[in-house]
Amino acid sequence: MNREGFDVAVIGGGLHGLSAALHLARAGSRTVVIERHWTGRHASGATAAGVRTLNRDIAEIPISLEAMEMWHRMASIVGDDCGFKAHGQMRVAEREEHMPALLQREARVRALGYTHEEMIDAAELRRLVPALSPHCLGALISRQDGAADPHRTIAAFRRACEREGVTIAEGCGVTSAERRDGDWHLSCGSRRFTASAVVNAAGAWAARVAALFGDEIELGLRASMMIATERVAPLLKPVVSVVGRALSFKQSDQGTLVIGGGLQGSAQLDRARSSVHFSVLAKGAKAASDLFPVVRGARIARCWTGIEAQTRDHLPVIGVSPNAAGLFHTFGYSGHGFQLVPVVGAIVADLVTEGRTSRAIGAFAPERLMQGRAAA
Ligand SMILES: Cc1cc2nc3c(=O)[nH]c(=O)nc-3n(C[C@H](O)[C@H](O)[C@H](O)COP(=O)(O)OP(=O)(O)OC[C@H]3O[C@@H](n4cnc5c(N)ncnc54)[C@H](O)[C@@H]3O)c2cc1C
């Protein structure tokens, strides 16, 4: 049997796996990405591709701000801007009782020394988004945020990986891992890979992959649903979400309205499939037409779901395995991992090649989800 030898094997060819591989290759590691289906098949291909620092968990703000700086110079990182447009993201208050939460959030973030989140009043809201229903009262906005094109992003990261000499092995699901003579030996059907370090970027299946190496990590699952309408005349530029409802609303460059916000369908991990719940999805369509009455007649062109891992604190898992030598985890992005892609790849490369990173990742340690089962 042919063994293919590398310094690092990345399990999972979503955006986090590709970004880790890209940075690892640039740091001089011979790297393979091993993907069960094809690159971008799961969450990274289903994503709404919102690029948001707004309303992040406080622990995520430092890496999210660094990621945002990278998004603004993405062409210098992967050779394409990935369709990123910085038209801002805003969180709208529909009623008086929604305003205090936004004002408190702005004050909390400012007290910590961050300036990226800013309250705007109804007049500024209407100036920025004239199509918004006049009942909306104000919003918290991050003006440097925006959205990208998910498929352009996957293609750009993949091409950049290939230019750096990364091997991409598709149609290869890793089913076993064994440590011998200081290397990991991975089996994927008829193929065998050997590497001294392994990055677990297996998305919704990451707990199963971790278990192959002896790490028992508690991980939930989500299957977020999305709607895209037919093309309509230009309506808005920022991405709009709203307090108290599951809604994220934007317009693509092609004119389609893209409606999400975390409404959940159902997922079957074994079959790698997820399904839309139309009655739940209708709530998203209703929220969109309440906020933007002009879209009431727009026809829905398609809807879809994507499967992703969710942690109990909604923070990702980024760090070194406490049990398995040479294993590194990057998963559990809980519905907001697209924006973090460029910076986490750099963090993983630091961890693998230097054994440490200067970024603050303590809150993302795998041990917090291992319930005392770590480090035997
Ligand atoms: C509908 C939807 C909307 C979203 N909207 C946003 C948004 O607006 N903004 C934002 O920041 N984030 C958003 N997200 C979240 C974001 O898309 C994800 O956090 C991100 O794409 C996760 O990337 P990943 O590489 O970790 O996972 P994935 O893209 O799922 O990649 C994991 C890969 O691992 C592979 N794999 C699994 N097991 C194995 C194995 N044993 N061997 C080999 N390969 C394996 C899988 O086939 C898969 O391709 C959204 C997600 C969804 C689903």
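Remember, it's 1-based here, ligands and their atoms both numbered in the order they're listed. Position 1 is the first residue of the sequence; numbering continues from there.
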- Query: So, Arg41 and Glu35, do they make that salt bridge, N to O below 4.0 Å?
  - Reply: no
- Query: Quick one: does Gln251's side chain have a donor or acceptor within less than 3.5 Å of a partner on Leu235's backbone?
  - Reply: yes
- Message: For a quick check under 3.5 Å, do Asn323 and Ser321 share a side-chain donor-acceptor pair by atom type?
- Response: no
- Does Thr167 have any side chain to side chain contact (heavy atoms under 4.5 Å, CB included) partners at least two apart in sequence or in another chain, and if so, which? Phe6, Val32
- Task: Please list, by chain and number, the protein residues whose heavy atoms come under 4.0 Å of ligand 1.
- Result: Ile11, Gly12, Gly13, Gly14, Leu15, His16, Ile34, Glu35, Arg36, His37, His42, Ala43, Ser44, Ala46, Thr47, Ala48, Ala49, Gly50, Cys172, Gly173, Val174, Ala201, Ala202, Gly203, Trp205, Val209, Ser224, Met226, Gly306, Glu308, Tyr333, Gly335, His336, Gly337, Phe338, Gln339
Which atom pairs, one a donor and one an acceptor, fall under 3.5 Å between side chains of residues 340-356 and the rest of the protein, sequence neighbours left out?
unit_1: Asp350; atom_1: OD2; unit_2: Thr357; atom_2: OG1; d: 3.1
unit_1: Asp350; atom_1: OD2; unit_2: Arg359; atom_2: NH1; d: 2.8
unit_1: Thr353; atom_1: OG1; unit_2: Ala349; atom_2: O; d: 2.7

- Note on the structure: Arg36 meets the side chain to side chain contact (heavy atoms under 4.5 Å, CB included) criterion, sequence neighbours left out, with Trp205
